[in-house]
Structure formats: structure tokens, C-alpha cells
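Computed over heavy atoms, backbone and side chain alike; hydrogens, waters and symmetry mates excluded. Everything numeric here is computed off the predicted structure, so don't read it as measured data.
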Amino acid sequence: MVEILPDVYLELPDSEWPPASAVTPAGTGQVTSWSYDRELIGRTLPGQVRARSGLSIGDGRAEIVQPSSGKPMAPWAVGDRRIAVGGRADLYATDEGPGSDDRRFLGAWQVDPAQGSLLGGSATVQLIEAQYAGRTQPNLLPLYTAGPCEPAWVVAVLARQAGFHNVPPPVASCILAASLSGSLLPEVGGLSVTLPPSAAGWDRSTGPIGPVDLAPDALIGTNGAVMPAGTASWFVTLNVAGTVRLEFSGSTQAPAIELRPGGVLAVRNKLDAAWQTTTYTAGESDDWPNRVQVELQRTGSSGAWSSVRGRARSGPDAAWSSWATSSASSEQPLSSMKGVEINASTGSSLSALQITTSADPALWAAPTADIDPLGGTMIAPWLPGKMDAWTGAQEVCAAFCAASWVTNDRIWMTRGREYLAGAVATSGVVDVDTMVEDLNWSIDPDDVADRLVVTYNPVDVVNIDYTAPFAPVLWSSPDVVVVDPGQTVDVVADVETHGEGLQPWLPVWTSLPLFPPSSWSAFDNREGTGTHVADDALTVTHRQVSAGRTIITVRNNTSSTLYLVDANGAPCLILRSVKVSKQENQVVITKGLAEVDSINEVTVDLGRYVQTAADAQAIADYVWARVSTPSWKVSRTRVRLDWGHDIGQVVELAHPGSDLAVKALIAGAHMEGSDGSIEQFLDLVMLPPTWFDFDQAWAGRTWAAFDALWAGKTWPDFDADPTKTT
Amino acid sequence: MRAGFWLRVNDVWFPLDGVQANVPVAPIRNRSNLQTVGGFNYEYASRRASREWTLDFVNATPQAVRLALLAANGQAGDVWLLSEADARANMLDPLHTVGPDTSSTIVCDGLPLRALVPGTEFGALVRAGVTYTLSAYTDAAAGTTVATYDYGTGAVPLKAGVGTGDRRTVAEFTPAADAVLVGTTVTDVAGVRLAEGVDDGLFLPGRKAPCRAAVMDPDQTLNMLLDDEQGRSAYTIKIRETA
């Protein structure tokens, strides 16, 4: 049988070029030849385990045909023939023509350089994966001050910056948005400091990451909006698993809703009122099977809020349930309902919460990122201020031996080290006899270590001491800041540590002993001689743009040029905070032989992202298990064309003729195509068996079955690892 | 022999008279393959085969081949080639006559073929005064519109005929002017055929006629030059299908 190959097109959604042709609309070019290369590469790990972590950023190439008539496409052409680079690009294959929805996407890209010639019949477009957009902007990781978070939260925030979302982004009418993807910090609204929340853990029972057993109630503040009276509505949209309660502020008079298993919505107008329930059909959204939207309305007036009613649905086009109305009169005034307490019962979870004043369809925006917990704890999540979003995600993933990549279907995937170790069901079998051209294996003794040294930087918290008095310095200017008369200067302070509660600014000579402020000193000369300026000569403010960067704005209110120096002429602009989480000390964990006996030592620095001893020890064990024995890998092996193969998948590699049966991670994928030919190549990393595999094999069996299988076997058989070579 | 080739130059059809018999038509379809460790062979092929016609003219005057000469010089605009033999078989692009493997099958003239995805567009250039037959196979209920087609005079429904099961439905028409026929399938149909001539009851695979073409520079052998006449030459002209 002959497999007829599809056509491949390059679509530039926001572009006029390529011009429309007889077979393609404007902005789409027919591709004559193409290729792409994507692989997982981690900076942190050595040798054969390197390919299991980090963040993929692949590249590709597509040749698109020049117009058959008229002027050619060129950078100097005008209108729809002008080639512009940098825009988004979709490379896809289809049997149905370029206008069809029947598309097999071949990744998410942006146009990098393009080349062509006047006489050539085509132009070549270089492609780089869309997440590269994250390289062009400094990270905007918010300062998180509510206790430990899951490191996946950092990845989710940075993925959003790169254009991928694992939960619907906040919509225009949003008054509260909390992704809850590894932290409780809302994107719209604020966290209460008086009711610090805690979660027993993080899982994906709701779809995206969400907190499990969220107690005591976490209070998240809205952006100041209050629930209106009458028929105007609040819409509460969230993903739920189990039983989740939301109370609109914390008094006994507060209205509340509870979402229960089986599609039950319960509402009450105050704490001691009976729950009133209604039932909705759950799971009507294909993109969000655990998502539910509740419409709330309240009637009454100040001091006598006679009722609250709510109804629910599970999809943007799904039918609403009937109303559940709680008519017990409440004294809770509208003006104080500026927050919501969220609570997830034992084993329950919620995620992707938004409270809005309209039922915006974007509340159901399909996810473009699929992010797993990374299995760790960050006490003080921080990235260097000038680090770009993409690099930040790469660094965090690499430190936790996790990986992020973008699939052919243009979904950002993040998977933790357990997944990458193969503790997951395989996505299919690659039968070497029938699907592989040849198996290009290699093994390198240099990848084997007899000693492992893992380093990490634990967090030392330094708090303000009002009795000393003392406030830790977060940053001080290394240079003299000069401000011309009447001018304003922005000073970029890239803070080296996680700092909470930035202190207000006062001159150094101001006496305020109990609250050591952020301070400045200024003179009208560079040497700092003479008398310092008046207290109101400068106005100094700051704004924290990320956990690693604060912008300090200094305005000169005088008619003289001012120099921010102390009396000795040294720079003087000092940012202080209530709490600084320093990571100056390094802790070393070793595995294997003593240093004197070691021949091949491997050093892994987990940097400042791994912050707890438990995480560092777990990662050290993980790495040691993978570098202490030799393993083999398969590189650039051509396989039978299978559109389902993608990097990050775990497959079973089988060749009965040579007794090969092993799990393997697709760590690299390369495809190249032209008219009548599409070739697919894979890089495979072998994965030793895990307890997950044992559990799967054991499911449904009995000890009698085990005995039958065990007959004639010995412990070495049990320990046999198909990836080992010694 | 009447070879039956036409060239369309600047939107007007001209017959290519004087073409000798035995015209070779060479299809070109790119292919590749993969041989696995176990000796399994997989063949891959392009969706389309482009064709090349080699037309011979014996003792032809420059008047007879002037269209080809103009086209080879790039002075004839958007050139289309119509092979009447292909047009009598099936004028449609083969991709628009039979559907993907995921569709249900419909028996077409004795052949079980896959139905097109509803909404599939098909079309071809049609000529004034020529009778055409549009036919398709469907299992839709009698009277159901299975496709629509329009050759410049408004959309016309192609309806399922009487009876049940897989059966043929046919429409004949004669355009009053040259036009682009555009059709769209509405329900599951397979074996779509647009052909010159009255209905012959057959289904034949798509031949994509007419098609855009590139005319190669003619090979010329000057045979004779008589007084007061144009020279007479043997010409060999290659015409290639283009996108």
C-alpha cells in the first residue's frame, strides 16, 4: 500500500505575505520542503541524563513558493509581497487544502530569518519555536509572600509570558483571578496576610494544578468590587474536584456557595442559614471537564439582605441549572464583601478561579499549556531581575530535573522528574522490526560517575528587628545617582535576594528608630562636602516589577544638580525591606566514593531554585541513580512516519529478535519533508524500570500468579535492568 | 487523428491543430520509501502527479504552432491546457472526487469508494456551448440535495434520485459562456465526476482537465521553405502541468 502524504503549509496569522494564490489564501504559503529539529536539553545534568530535563526550543525551516506571476516576495517589496520576520507561524500538514480545519500541526513557531533570491522559485523561512518569544522580555515573576509554593507556579507564570496559558487568563470583567497553579497568589486581587492559607499539597485532580485540602480558609481579596444588588450578577468560574466552599468575606453573615460532587451547587445567605441546593450537569465542556460557572444574585438593602440565589452550568453553551435561593436575611453589607474565603475539604481541590461581572466566553478559553507539579517546594521564589522569561522557565525546570517543551499540537508541556523517569503509562509501542529503519545505539563510559556532588543554596531568612532597630538591606546603589534640576531618574535595582515588605523612603539623617526606612542621602556636589540637601529636595518612590527587580524613581525638586552620596562621597541609595530571604550559603550533598578515591566525579549545581534539604536530597538520589550505571541511548533513528510521535513521550521499544524490551523517552524529534517524502527521526533515552511498571504488571494478579511467573527465576532476574550494560 | 488539445490564452480557448497521433503523456509523482530492520517496506507518495505531454507537429507552419511559441516565450499570460480525452474521462482534480480513508464507503459504478467530507469544493473551467455531465454517487434519501454547483448562472442543486442505497445522480448542462464551475458537496457523496459529453453511466477517476500548464520551447526541424510560403518544420513541443 502506498501512503499518500499530505500537503504542508506555512500560515502566518498576522501577516499579509505570502500573497494569495490559486490554492492558498493571503498569509499562507505552500511549502515545497521543510524540516524541524526539537530536543530536550538540560543545562544541569550530565551525560546520558541531560536529555531528560530542561526546556526544548527547536528550530525549523520551510521553503515556500514564490508567486507564479507578478513581482517576487522580498524584504523591499511592498504590500502583500513584503517579507517580514518575527511574526507567529503555524506549520501544518493537511489532506484537505489550506482552508480546512483538518490540520496536523507541526509545532508552534515564529519566523526567524528568511532568505531568498531574485531568480529562485522559493523563499526559505527559518523557524524558531514560539516559546522563544519569552527570550525577548525580562521575567515578570511576581513577588510571592504567602509561604512556600510549588515550583511549577514559576513555570506557569513564565509560560504565560511566553504566550501559553494552563488556565484561562483573567478576562476584562474580572474582579478576582487566581490560577492556583502551585501558589495561592492571585493575578487579580490580593492575598490576606491575616489568614495565611496552607495546602496539604498540589495535584491535578481538577485539570490544572490546584491545592489539595486547602485549610484554614484562604482569604483572597477582590480588586475592590462589591456584589451588586438586584439582577446584576457575579459569575464565579472555577475547576473543582470534591467539595469546595467559597465564602464571600469572613463574617457569620457572609453569603457562601458550595460545590459538591455529582453536580450539586449549594448556596446560603449567611453562616447559620440552611444550604439550598440545585443540580447541574457536570462535564459539558470538552476543554474543561471539571469546570463550573456559578451565577450569583443578591436582593435586599443595607442591613437586610433578604436573599442570595445561584445557578450553575459546566460549559459556555451549557444550559443553566434552576436557581437555588437562600432567603435567610443577612446583615452582611455589600461594601465589606471585598474578598472570598476558599476552602477545599479533605481530598478536594480547586483551580483556575475567576470572579467576574460578566459571563465572558473567554472564561472557558482552551488551555495552551499542560503543566504538572514539579515535586518540590520553593520558600522564596526568585529569579534574577534581568533574566528573561524563557531562561527562567528553563532554569527552574532543569534544577528540578523536570522538562518543558511545546508539542506538535502547540501545547506547552511541563513534566516532573518522575514522569521523565518513566513512571507513566507508555503512549505506544515502537516495534523495531516493523517501524524502525535501524537502531543507532551508543554508549559512553564518560557518562558514568563514581561520585556525585550536588550543591544547593538554602534560604536564610533575615527579619526586621524593631528593637535593634534593624531592617535588612535588600539593595544599595553601587553607583552615584545624579539627578538634574527638576528631572526624574528611574534607577533599576536588580535585587539579589527575595525581599518582602519594601520600606518607605526617608533621608538617612531622619530619626525614625523603630522603623528603619529605605534611605537616601544627597548633596549638591559629588564629594558630599558641605550641608546635605533639605528633606524635601528629593521625592523617592519605588515599584516592584518582579521578585528580582524594583524600579526606584528619584525626582529632584530643586534647581540644582543633586548627587546621591553620603558625607564621604560614597553612593547612598539604600532599599530596605521587612524580610529578606538570603541564599548566600551553599550546602553540599555527596554520593558514591570519597573524593580521594573518585576518578570521574560529576558536579551538579541546583542553584538557588532548589531551596530545601528534602528537595535537594531527593534530586541527588534521582541523579545518582542515573549517573552511577552506564546506559545507552539511540540517536537520530529513522522510524515509520507516525504523526503521533512527539518529544516528551514515553514509548515502549521492542525487538524480540534481540531480546529488547524497554521503556524509552523520546528526547529528540527531527522531521524533514518534501513533495512525496516525509522522514521522521527520533532520539530515544532508555528508562530503567520503576515501581510504577511493577505496579502495572502486578495489577489484578495474585501471589499464585507471581509464583508461577517466578518459577525458575532468581533475584538477578528480578533486578535485571534492560538499560544496564554491565 | 484529432488529438483534441486546446490552449487557453488570455481567457480564450484555441485548438491546437495538427498534432500527430501517439502523444506520450508522462506522469511525474515524487515517491520515497522506508525499509525497516525486519524487512518491511513502506512506500510514500505525493498527493499529486503532474503530467508532461509531448506534442509532435509534422510539416507545420509557424501559424499552426504560434500559440505554443508565444506561451514558451512567456507572452501568453496564464496558460491552461485542455486535453479533450481527459475532459471526457473526468475533469475534476482527483483529490475532489473521492474522500479520505476515515469516511464511509459508497459503491460507485461497482467500486466501493470513500465519501468526500461534506463541504468539499470541486471545480473546473467549462466552455461555452459544450455539453457537460456532472455525476456523483450517494446513499441519501431521494430528493436530498447532495451537492450544489454554479457555472456563473446561480447555484443549482444536485439531488439524489429516486430509490434507496448507493446510486448515481446526474445532471447535464450546456453553459452559454465560458465559466468557472464551482461545486460543493452537501452530504456524503463519492465518485464525483464532471465530464464533457452526455452521460455514459460511468465513474472514471479525476484527470484534472483543464490544468495550468507551462509550455517548453519547441524543438524545431526545418523541413522545407517554398517560395512565398511560411517555412514548414517538424516541431516537438513539451507541455508540463503546473500548480
Dump the table of donor-acceptor contacts under 3.5 Å between chain A and chain B, or return none if there are none.
unit_1 : atom_1 : unit_2 : atom_2 : d
A:E3   : N      : B:E43  : O      : 2.9
A:E3   : O      : B:A45  : N      : 3.0
A:L5   : N      : B:A45  : O      : 2.8
A:D7   : OD1    : B:R48  : NH1    : 3.2
A:D7   : OD2    : B:R47  : NH1    : 2.9
A:D7   : OD2    : B:R48  : NH1    : 3.0
A:D7   : OD2    : B:R48  : NH2    : 3.1
A:D95  : O      : B:R47  : NH1    : 3.3
A:D95  : O      : B:R47  : NH2    : 2.2
A:D433 : O      : B:T36  : OG1    : 2.5
A:D433 : O      : B:G38  : N      : 2.9
A:T434 : O      : B:Y42  : OH     : 2.6
A:V436 : O      : B:V37  : N      : 2.8
A:R638 : NH1    : B:N33  : O      : 3.1
A:L641 : N      : B:Y44  : OH     : 3.3
A:D675 : OD1    : B:S46  : OG     : 2.5
A:D675 : OD2    : B:N30  : ND2    : 2.7
A:D675 : OD2    : B:S46  : OG     : 3.4
A:G676 : O      : B:S32  : N      : 3.4
A:G676 : O      : B:S32  : OG     : 2.9

Bottom line for B:L34: the part with an atom under 4.5 Å from chain A's heavy atoms is both
Segment of A:V23 engaging chain B (4.5 angstrom heavy-atom cut-off)
neither
Contact class of A:V639 relative to chain B, heavy atoms under 4.5 angstrom:
backbone
Looking at A:L641, A:L439, A:I678, which one has more heavy-atom pairs under 4.5 Å with chain B than the rest?
A:L641
